[in-house]
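Comments concern the structure below.
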Amino acid sequence: TNVLTYTSVLDKVSVVVWYLGVAVLGFFMARTVVPGGLMPLGIALVAGVPLGIMPFSALGVFIGYIIPNGQISGFKYAAALLAVVAIKYIVSGVKPAAKNPIWSAVIAATVLSGVGIASAGNEVLTKGALGVAEGLLTGGGAYFIRRATSIKKVFSGMSIEQTASVLIAI
């Protein structure tokens, strides 16, 4: 079964703190603006994290996108976020696709590229190309986030602090 059992109150508190931390990380990644006025990092996070923590990262990212960020509207990103979440839930039943970091990249890249092209209007050559570039950036970010979340299997003999140190160093 996938039911977690907790041995102490400290275990429960640490799980709640972990999930809140993921939501806060999602909020700040959604608020991060890269050159060109793009905000794809929240989508990359949600596409890259495992399904178990995706709802918490998606909640933080969604809140980060719907709060106005200067002159940049996050509503197209919120729409892309909903599409990524839906696609990840649909694909979650296919084990090879759910565990492969390439699929996280493909989902993020195609969704954000599609949203970028669709929102380009009559400026498809300029804004559409920027949307495709943004999709590729998002796909790359999702790939590396997915790979980073699977590193814990490689460092299974290390403590949580040691593993965190390695991830921060990378």
Side-chain angles (χ1 to χ4, degrees), residues 14-92 97-120 127 129-153 155 160-161 163-170:
S14 67
V15 168
V16 169
V17 168
W18 169 251
Y19 288 149
L20 286 174
V22 169
V24 169
L25 176 67
F27 175 81
F28 285 114
M29 286 188 78
R31 306 287 294 165
T32 303
V33 180
V34 298
L38 309 174
M39 300 188 318
L41 300 181
I43 302 293
L45 176 70
V46 173
V49 297
L51 199 63
I53 60 173
M54 187 185 65
F56 303 98
S57 64
L59 178 65
V61 169
F62 185 76
I63 292 170
Y65 280 144
I66 61 171
I67 294 175
N69 191 4
Q71 303 244 331
I72 302 169
S73 173
F75 287 111
K76 83 171 187 178
Y77 296 103
L81 171 69
L82 296 176
V84 166
V85 169
I87 292 170
K88 278 193 71 162
Y89 273 122
I90 290 169
V91 174
S92 68
K99 295 191 181 277
N100 192 338
I102 295 291
W103 283 105
S104 296
V106 167
I107 290 169
T110 54
V111 167
L112 209 52
S113 292
V115 169
I117 292 170
S119 64
K127 288 186 178 179
L130 190 62
V132 171
E134 181 179 32
L136 293 174
L137 174 67
T138 307
Y143 175 83
F144 287 112
I145 288 170
R146 184 67 180 153
R147 293 287 296 172
T149 58
S150 65
I151 285 178
K152 65 182 178 184
K153 296 175 187 171
F155 299 114
I160 292 173
E161 292 81 14
T163 305
S165 298
V166 169
L167 290 175
I168 290 170
I170 292 174

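Within the model, atoms CG of Leu41 and CZ of Phe28 stand 14.0 Å from one another, a figure rounded to the nearest 0.5 Å. With rounding to the nearest 0.5 angstrom, the CD1 atom of Ile102 is 11.5 Å from the CD1 atom of Ile107. Note: Tyr89 OH to Leu51 CG = 5.5 Å, rounded to the nearest 0.5 Å. Summarising the geometry, atom CD1 belonging to Ile67 is positioned 4.5 Å from atom CZ belonging to Phe27; distances are rounded to the nearest 0.5 Å. Separating the OH atom in Tyr77 from the OG1 atom in Thr138 is a distance of 7.5 Å, to the nearest 0.5 Å. Atom-to-atom distance recorded for Ser92:OG and Ile87:CD1 is 12.5 Å, nearest 0.5 angstrom.
Nearest heavy atom pair, residue Gly26 against residue Leu45, reads CA-CD2, 3.4 Å. Annotation for Ser113 and Ala109: closest pair OG-O, 2.8 Å, computed over non-hydrogen atoms. A pairwise comparison of heavy atoms in Val111 and Ala83 identifies CG1-CB, 3.9 Å as the closest pair. Between Val132 and Ile117 the shortest heavy-atom distance is CG2-CD1, 3.7 Å. Summarising the geometry of Ile66 relative to Ala78, their closest heavy-atom pair is CG2-CB, 4.4 Å, with the distance given to 0.1 Å. For the pair Ala47 and Ala108, the tightest heavy-atom approach, listed with the atom from each and the gap, is CB-CB, 3.6 Å.
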Residue pair Ile53, Trp18: steps toward the side chain to side chain contact (heavy atoms under 4.5 Å, CB included) verdict: CA-CA 9 Å; Ile53 60 173; Trp18 169 251; 3.7 Å; yes

Trace of the side chain to side chain contact (heavy atoms under 4.5 Å, CB included) decision for Ile145 with Met29: CA-CA 12 Å; Ile145 288 170; Met29 286 188 78; 4.2 Å; yes

Criterion side chain to side chain contact (heavy atoms under 4.5 Å, CB included) on Ile43 and Tyr65, from CA distance to verdict: CA-CA 10 Å; Ile43 302 293; Tyr65 280 144; 3.7 Å; yes

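Just one residue in the list Thr32, Leu130, Val33, Leu112 forms a side-chain contact (heavy atoms from CB on, under 4.5 Å) with Leu38, and that residue is Leu130.
Counting only distance, with no hydrogens or angles, the side chain of Lys76 and the backbone of Ala118 share no donor-acceptor pair below 3.5 Å.
In this structure, Lys127 places its NZ atom where only 12 or fewer heavy-atom neighbours from other residues, nucleotides or ligands lie under 6.0 Å away.
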